[in-house]
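For reference, the structure is listed below as structure tokens.
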Amino acid sequence: MFISFGTCYAQQVPVSQYFVLPINVNPALIGSSTHPLIATHHRSQWNTFSNAYPIYSASLTYPIIQKYPRRSIKGGLGLKFSREVAGAKAWLKFNEIQIAGAYNLPLDYKQQHVISFGIATSLIQRSIDPDNLQWGSQYDSEYGYDPNIVPSLNLMRQGLVYVTTEAGAVWSYNAFKNQLLSPWQWLGGISIAHMNRPDISFTNLENRLPLLLKWHTGISYAHNNWKVHPQTIMLWQDTNYHLSIGSYFQYEVLQATVRKKHKTILMGGLWYRWDDAIAVSGGVLYNNLQFAFSADFSHHPTINYSSTGYAWEASLIYTLKSHNQLTKKRYTPLI
């Protein structure tokens with residue numbers, strides 16, 4: 001359940017544990033949830049600075065289940081809240097409310113092959129504090145920075161409110177993880193974000209948000225109580241691209257009782273972000289509660305995370321499910 005990716009230009013939250021909020025990757029992944037999920041996530045970056053660039057997120061995912069004539073998962077609904085703060089004096093703030101929906105289309109009676117379609121809409125509010133900004137035109141060659149110099153570029157707005165749209169699709173095989181049929185499972189998807197390309201400029205100079213293309217794939221193999229999940233994700237925005245390759249592992253602790261009433265799964269992962277960093281993760285799932293922690297370590301020669309502060313993340317996921325529910329658990333290599 002662990003993977004990592006960094007910032008890809010603008011509006012892409014640089015988190016490693018994106019599985020906590022799959023709506024960030026592809027709205028079609030909302031259809032992969034079998035039970036309602038409540039997730040919280042926090043990321044802290046560049047921790048030696050006064051403001052560690054915190055990111056806070058919370059989400060709710062609710063499945064749409066069809067009971068007749070055959071019980072199946074038709075799709076899902078998602079709701080996400082997120083907040084970012086940037087700058088040593090918190091001069092830039094970012095708030096987002098996102099809603100998403102997904103529809104699952106089985107391609108065969110046994111639902112081995114399923115195509116999921118998803119759409120999402122975000123309402124975004126950004127604000128900037130001009131009193132904490134320093135412009136290049138305010139520097140004097142003799143005295144240095146002079147706050148009394150009027151900058152050559154003035155802000156026209158201190159706050160923005162705009163809407164972005166996203167659509168995606170996912171094709172999955174053996175989504176219900178029938179190990180008697182096959183120990184393998186795979187998933188691949190693509191999404192396009194910021195399709196309406198809103199203007200995000202604080203000045204009178206137009207700055208349209210470029211399209212963000214996201215491609216992701218994952219394979220899962222299960223043997224006894226071990227599972228391995230190799231994964232790849234690529235993001236492309238304007239002239240910038242980002243690639244992350246890695247895998248996570250799961251080990252289910254054997255229970256002494258004949259009928260398991262409690263489930264404990266240990267998790268760990270390792271990823272390589274192309275020309276950027278290495279991310280390691282660890283976590284535990286006990287019954288309905290999952291906790292995970294991850295850390296990013298840069299390998300770039302111009303960045304030393306040990307001196308400027310590495311990035312760390314913590315997440316908590318709670319699954320709302322009843323012991324009387326008969327719905328089979330659905331898995332994907334990405335969730």
Side-chain angles (χ1 to χ4, degrees), residues 1-25 37-61 78-98 120 122-134 158-162 164 193 200 202 209 212 233 235 237 240 242 244 269 271 273 276-283 289-298 300 303-318:
M1 294 185 177
F2 306 90
I3 200 167
S4 57
F5 57 85
T7 305
C8 182
Y9 197 69
Q11 304 302 314
Q12 184 59 52
V13 180
V15 299
S16 295
Q17 298 182 32
Y18 88 95
F19 68 91
V20 177
L21 303 170
I23 190 176
N24 281 343
V25 179
L37 300 175
I38 299 176
T40 59
H41 173 269
H42 171 73
R43 176 181 173 94
S44 182
Q45 190 165 323
W46 307 318
N47 298 282
T48 57
F49 293 106
S50 58
N51 181 20
Y53 185 37
I55 300 175
Y56 310 92
S57 301
S59 69
L60 171 63
T61 303
L79 178 65
K80 184 193 74 171
F81 303 91
S82 62
R83 175 178 174 84
E84 298 179 55
V85 179
K89 296 183 179 180
W91 58 269
L92 179 62
K93 298 178 181 178
F94 174 96
N95 299 295
E96 178 184 14
I97 300 177
Q98 186 177 41
S122 297
L123 178 64
I124 298 173
Q125 185 268 335
R126 299 174 68 198
S127 61
I128 192 169
D129 185 0
D131 295 333
N132 288 322
L133 294 179
Q134 297 181 7
Q158 298 183 17
L160 297 173
V161 178
Y162 56 92
T164 64
I200 60 172
F202 287 99
L209 190 60
L212 173 60
I233 183 169
L235 297 90
Q237 188 172 36
N240 302 279
H242 181 87
S244 180
W271 290 267
R273 293 206 299 265
D276 183 12
I278 295 176
V280 294
S281 303
L289 191 63
Q290 175 180 303
F291 172 78
F293 182 87
S294 63
D296 298 357
F297 302 92
S298 174
H300 202 281
I303 301 177
N304 184 356
Y305 273 26
S306 62
S307 60
T308 61
Y310 63 90
W312 64 267
E313 299 178 25
S315 63
L316 195 65
I317 304 176
Y318 184 74

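The first residue in the sequence is number 1, and the count goes up from there.
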Which residues satisfy the ring-ring contact (aromatic ring centres under 6.0 Å, His included) test with Tyr318, sequence neighbours excluded? none
How would you list, by chain and number, every residue that makes a side chain to side chain contact (heavy atoms under 4.5 Å, CB included) with Leu60, sequence neighbours excluded? Ile38
Taken in chain and number order and not counting sequence neighbours, the residues that satisfy side chain to side chain contact (heavy atoms under 4.5 Å, CB included) with Ser315 are Gln17, Phe19, Val20, His41, Ala292
Using 0.5 Å steps for rounding, measure from the CZ atom of Phe94 to the CZ atom of Arg83. 11.5 Å
List the steps, then state whether side-chain contact (heavy atoms from CB on, under 4.5 Å) holds for Gln290 with Leu37. CA-CA 11 Å; Gln290 175 180 303; Leu37 300 175; over 6 Å; no
Return the CG to OG distance between Leu79 and Ser59, rounded to the nearest 0.5 Å. 8.5 Å
Between Ala314 and Phe291 the two heavy atoms that sit nearest each other are CB-CE1, 4.3 Å
Nearest-0.5 Å distance, CG of residue Asp296 to OG of residue Ser281: 8.0 Å
Please round to the nearest 0.5 Å and tell me the distance separating atom CD of Gln125 and atom CD1 of Ile97. 10.0 Å
For the CG atom of Leu316 and the CG atom of Leu289, what is their distance to the nearest 0.5 Å? 5.0 Å
Those residues at least two apart in sequence (or on a different chain) that pass side-chain hydrogen bond (donor to acceptor under 3.5 Å, both in side chains) with Ser122 are Glu96, Gln98
Between atom NE2 of His42 and atom CD of Glu313, what is the distance when rounded to the nearest 0.5 Å? 9.0 Å
Heavy-atom side-chain contact between Gln237 and Leu209 under 4.5 Å: yes
